[in-house]
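Step one of this worksheet: look at the structure below.
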Amino acid sequence: MHLKKTPPGKDRVHAHAGEGNLSPPYRPSETPAAPKTRGRSRARRTAFFFIVVILLPLLYGAAVVQGAAPILTEAEKEFIRKHPVIRVGINPNFAPFEFLDNWRNYAGIAPDYLALISEKTGLRFAPAVEVPYTETQEKVRAGELDLLPALDWTAEWEKEFLLTQRYYEYKPALVVREDSPFKSVEEFRGRPLAVQKNTANVQFAFSTLQAGLSLYASEEDALLAVTDGRETAMLGYLPAVLHAIRKLGLPNLNYITFASGNSNGLCMGVRTDLPELRDILNKALAAVTPSEKAAIHSRWIHVSGIGDAGEKRRIRYLAGASAALLLAMAAFIVLKIYSHRKRIALHRQNECILQSMVRQRTEDLQNQTRLAVEASHAKSAFLATMSHEIRSPMNVVVGLAEVLLRRELPPDVAKEVRYIRQAGVSLLSIINDILDFSKIEAGKITITDEEYAFRDLIRDVEDIIRFRISDKPVDFIVRIDAWLPDRLRGDMNRVRQVLLNLLGNAVKYTRLGSVTLTVIGAMTANDKVRLFFEVADTGIGIRREDMDALFNSFGRVDVQSHPEIEGTGLGLTIARSLCRAMDGDVTATSEYGKGSVFTAALLQRVVERRLQSVSVAQEKTRTVTFTAPEAEVLIVDDLPGNLLVAEGLLAPYRMRLFTCANGREAVDLVTERPFDLVLMDHMMPVMGGVEAMLAIRALNEARCRTMPVVALTADAVSGMREMFLENGFNDFLSKPVDVDRLDTVLRQWIPACKRISVPEDGSGL
Ligand code: ADP
């Protein structure tokens with residue numbers, strides 16, 4: 001039979017031998033290999049530190065303690081050599097101190113100690129498992145066995161055997177049910193107790209507690225009796241009781257430990273003739289370390305779900321307190337999370353509110369914009385409808401006035417009817433303007449594209465204006481560039497409307513002097529011609545500060561000075577809108593009290609480039625006396641409209657034109673090209689005309705000092721000419737440009753070698 005170290009709860013590997021009932025001695029169990037440590041470098045460093053600084057010294061210390069072998073005398077060593085195997089008598093039912101387990105292996109606290117002694121001394125122990133327990137004591141006395149390893153120390157045993165020191169101490173315990181009202185041993189005095197018969201407990205219960213005894217064959221039977229209610233309590237040794245409870249799996253039991261007066265403990269009983277063995281065992285037991293003792297104890301004495309009743313209460317209290325603490329912490333955390341979430345929710349809510357406010361505001365603004373647009377459209381629609389509705393009755397008024405005038409009427413009545421007709425015509429023109437304006441505002445203005453005879457159009461306009469001007473001491477002069485093509489494509493009626501508007505204003509605001517229409521053109525790419533209609537008058541003029549308000553709708557300026565002149569303030573707005581719709585614009589210059597120049601530029605398609613002789617009834621004013629295709633002219637002006645006019649005026653000369661927007665750019669350009677002539681505006685941003693002139697004259701190149709530079713300015717104040725000449729300008733042209741004067745100036749400064757004369761009939765242009 002083998003003697004094996006068999007920790008409970010683990011499957012045991014076992015092998016049985018037949019007769020030779022001596023087992024090989026115990027071998028210390030092998031230390032399991034340490035698990036490999038993996039992890040990051042920091043974790044490795046920590047582990048390394050732990051191993052080197054803490055674990056190694058501990059292990060070393062433990063090794064020293066564990067490895068501490070008892071110091072044996074020579075006689076003792078000799079004894080071991082002579083008695084290598086010690087025969088052990090065992091109690092197979094004294095669990096957990098010693099017993100035979102289900103596989104009949106010798107197991108328990110005492111065998112574990114024997115294994116340790118074996119390690120420390122080299123002695124080997126062979127349990128006599130076949131010898132009945134009742135015979136073991138006798139056999140030890142007879143010298144057939146050497147040792148009883150698990151005796152409950154008593155004075156009686158001491159008389160019969162050589163006892164070792166007590167190597168395992170324990171207390172008696174009363175086991176009760178969990179619901180038992182008894183809390184202390186004293187309460188059992190005189191009461192019946194369940195006890196295993198033939199044990200020291202019987203004596204103890206009887207003499208110390210004076211209890212009535214119920215004797216049971218085993219502790220397990222006694223425990224079962226308590227569990228099923230047949231007994232109130234059972235008395236036993238705590239380790240034995242706990243072991244039995246675990247083995248049986250009994251629930252709902254408590255135990256009460258108490259001091260018995262005599263301390264209970266296990267010792268070993270040695271054959272009386274082997275005192276060396278007793279000494280060796282004592283030395284070996286003294287060498288057992290506390291940790292080894294603790295390991296053996298915890299291996300056998302561990303039961304969950306049962307405990308000291310008082311301890312259980314403390315544990316319950318502690319568990320309750322811990323649970324309460326945990327609950328409080330959990331509640332705190334939950335509260336924190338809740339309040340955090342609440343804050344987030346509030347934040348989100350605010351965000352939502354803000355977003356909805358922004359959305360609402362955006363919607364409001366969109367609605368307001370829509371309403372404004374709708375209101376504007378409604379206004380335009382209203383104006384259009386009203387104008388249209390008024391036109392019909394007005395036609396009747398004007399028409400009937402015309403019919404009446406054809407009849408024989410008394411002179412005073414005829415005069416009154418003429419007033420009616422005149423007033424009707426004026427009203428109709430106002431209504432037409434309003435109609436146009438409302439169309440422009442509504443974006444409904446349309447520009448047609450039809451072929452028409454340009455000179456016939458000019459003739460029509462001229463007739464109308466001449467008729468209007470007939471009762472005024474004002475000359476009407478028309479100048480038209482001879483080379484302009486006659487067949488054009490575009491919106492003839494819109495061109496007429498622009499012309500009548502500008503000329504109508506000129507007639508309206510001029511009492512004396514002249515109104516001059518100059519028409520010039522410049523070919524552009526794609527067979528188009530940019531037409532320039534310059535309307536110059538010698539009328540009332542416009543104050544400089546009023547110039548900006550000219551093109552405002554319903555904007556009339558200087559009304560106080562001339563309250564008798566009627567108007568709506570829409571004409572120029574309409575004219576500019578129409579010109580812009582035809583890729584052009586309307587610009588104006590004026591001198592208050594002296595007159596104004598309005599220039600309308602617009603783009604028309606050329607149908608036939610064949611030149612036509614002037615068929616306008618008026619005498620032709622020949623303005624272009626030469627062409628100069630080789631000449632290069634630089635025009636410097638910051639206003640694109642003025643550049644357009646200058647280009648238009650110079651177009652008939654067929655010169656190569658360059659433009660720039662200020663004096664600084666002009667200075668740069670003249671260093672690059674040897675221009676034949678520079679036409680320089682006076683007031684410009686970045687660098688004005690005079691400053692640029694001085695800079696040009698200061699340049700190194702000799703040609704820059706002689707390059708002709710002519711001032712081209714709207715400043716018509718007296719003394720300006722002298723100022724320009726003094727600052728190095730070669731000549732002076734005032735805006736609006738007089739085309740005859742322009743021709744004279746050009747003829748003077750463009751080199752003769754580059755000029756090609758134009759015959760009187762305009763051929764060759
Ligand atoms: P209106 O019907 O009043 O003439 P316009 O839009 O045609 O409206 O002109 C706007 C304002 O510009 C006029 O009220 C007038 O003060 C000024 N104006 C227009 N043309 C001339 C001009 N040739 N001479 C002087 N002032 C002019």
Side-chain angles (χ1 to χ4, degrees), residues 1-6 8 12 14 16-23 26 85-115 117 125-164 166-168 170 172 195-204 215-223 234-237 239-244 247-248 264-272 274 277-278 281 300:
M1 184 68 71
H2 288 263
L3 180 78
K4 282 192 136 208
K5 187 175 179 184
T6 52
R12 292 155 176 102
H14 48 86
H16 297 274
E19 269 314 295
N21 55 2
L22 297 180
S23 296
Y26 276 74
V85 176
I86 305 299
R87 295 162 300 175
V88 179
I90 65 167
N91 180 349
N93 293 314
F94 193 28
F97 305 114
E98 62 171 346
F99 63 99
L100 288 179
D101 66 13
N102 295 340
W103 297 274
R104 295 191 62 74
N105 286 318
Y106 180 44
I109 293 169
D112 280 0
Y113 273 90
L114 288 179
I117 294 167
F125 299 95
V129 292
E130 301 301 328
V131 178
Y133 178 58
T134 44
E135 296 173 18
T136 53
Q137 294 166 20
E138 198 45 53
K139 282 191 181 288
V140 173
R141 283 186 206 106
E144 291 172 31
L145 293 174
D146 305 318
L147 177 68
L148 295 169
L151 291 179
D152 181 23
W153 196 95
T154 59
E156 282 73 31
W157 290 129
E158 203 168 27
K159 287 175 198 157
E160 294 193 49
F161 306 111
L162 298 175
L163 297 184
T164 65
R166 272 179 286 218
Y167 61 89
Y168 185 78
Y170 46 84
V195 192
Q196 183 186 4
K197 65 185 172 190
N198 295 329
T199 59
N201 293 323
V202 176
Q203 178 65 22
F204 174 75
L215 297 176
Y216 286 84
S218 67
E219 276 180 330
E220 293 175 5
D221 290 343
L223 278 172
M234 73 82 72
L235 174 70
Y237 290 124
V241 164
L242 292 178
H243 186 266
K247 186 177 165 196
L248 298 173
N264 296 93
L266 281 186
C267 64
M268 296 186 184
V270 179
R271 217 169 88 184
T272 48
L274 295 178
L277 178 59
R278 194 258 318 265
L281 291 175
W300 295 103

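Heavy atoms only: backbone and side chains are in, while hydrogens, waters and symmetry mates are out. None of the values given here were measured: they were computed from a predicted structure.
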For [X] against [Y], the heavy-atom pair lying closest together:
| X | Y | result |
| --- | --- | --- |
| T272 | E160 | CG2-O, 3.3 Å |
| Y106 | P149 | OH-CG, 3.1 Å |
| A107 | D101 | CB-OD2, 4.5 Å |
| E220 | A244 | CG-CB, 3.9 Å |
| P172 | L235 | CB-CD1, 4.4 Å |
| A128 | L145 | CB-CD2, 3.8 Å |

Could you give the distance from [atom1] ([X]) to [atom2] ([Y]), rounded to the nearest 0.5 Å?
| X | Y | atom1 | atom2 | result |
| --- | --- | --- | --- | --- |
| D146 | R87 | CG | CZ | 4.5 Å |
| T164 | L266 | OG1 | CG | 9.0 Å |
| Y113 | L281 | OH | CG | 13.5 Å |
| Y168 | I109 | OH | CD1 | 4.0 Å |
| D152 | R166 | CG | CZ | 9.0 Å |
| L148 | M268 | CG | CE | 10.5 Å |

- Taking E98 for the side chain and N91 for the main chain, is one N or O donor matched with an acceptor at less than 3.5 Å? yes
- Side-chain donor or acceptor of W300 paired with backbone N/O of F97 under 3.5 Å: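 Absent.
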- State which residues pass salt bridge (Lys or Arg N to Asp or Glu O under 4.0 Å) with E144; sequence neighbours excluded, sorted by chain then number.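 In terms of salt bridge (Lys or Arg N to Asp or Glu O under 4.0 Å), with neighbours along the sequence ignored, E144 is linked to K139.
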- Contacts of type salt bridge (Lys or Arg N to Asp or Glu O under 4.0 Å), residue E158, not counting sequence neighbours: none
- Query: Any side-chain heavy-atom pair from L147 and F125 closer than 4.5 angstrom?
  - Reply: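 The answer is yes; the side chains approach within 4.5 Å.
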- Task: Take L162 and L274, measure what side chain to side chain contact (heavy atoms under 4.5 Å, CB included) needs, and give me the verdict at the end.
- Result: CA-CA 8 Å; L162 298 175; L274 295 178; 5.5 Å; no
- Under the side chain to side chain contact (heavy atoms under 4.5 Å, CB included) criterion, do M234 and Y216 qualify, and how do the steps go? CA-CA 10 Å; M234 73 82 72; Y216 286 84; over 6 Å; no
- Query: Yes or no on side chain to side chain contact (heavy atoms under 4.5 Å, CB included) for F161 and Q137, after CA distance, side-chain angles and deciding distance?
  - Reply: CA-CA 9 Å; F161 306 111; Q137 294 166 20; 4.2 Å; yes
- Task: Go through I90 and V129 one step at a time and tell me if the side chain to side chain contact (heavy atoms under 4.5 Å, CB included) criterion holds.
- Result: CA-CA 7 Å; I90 65 167; V129 292; 3.7 Å; yes
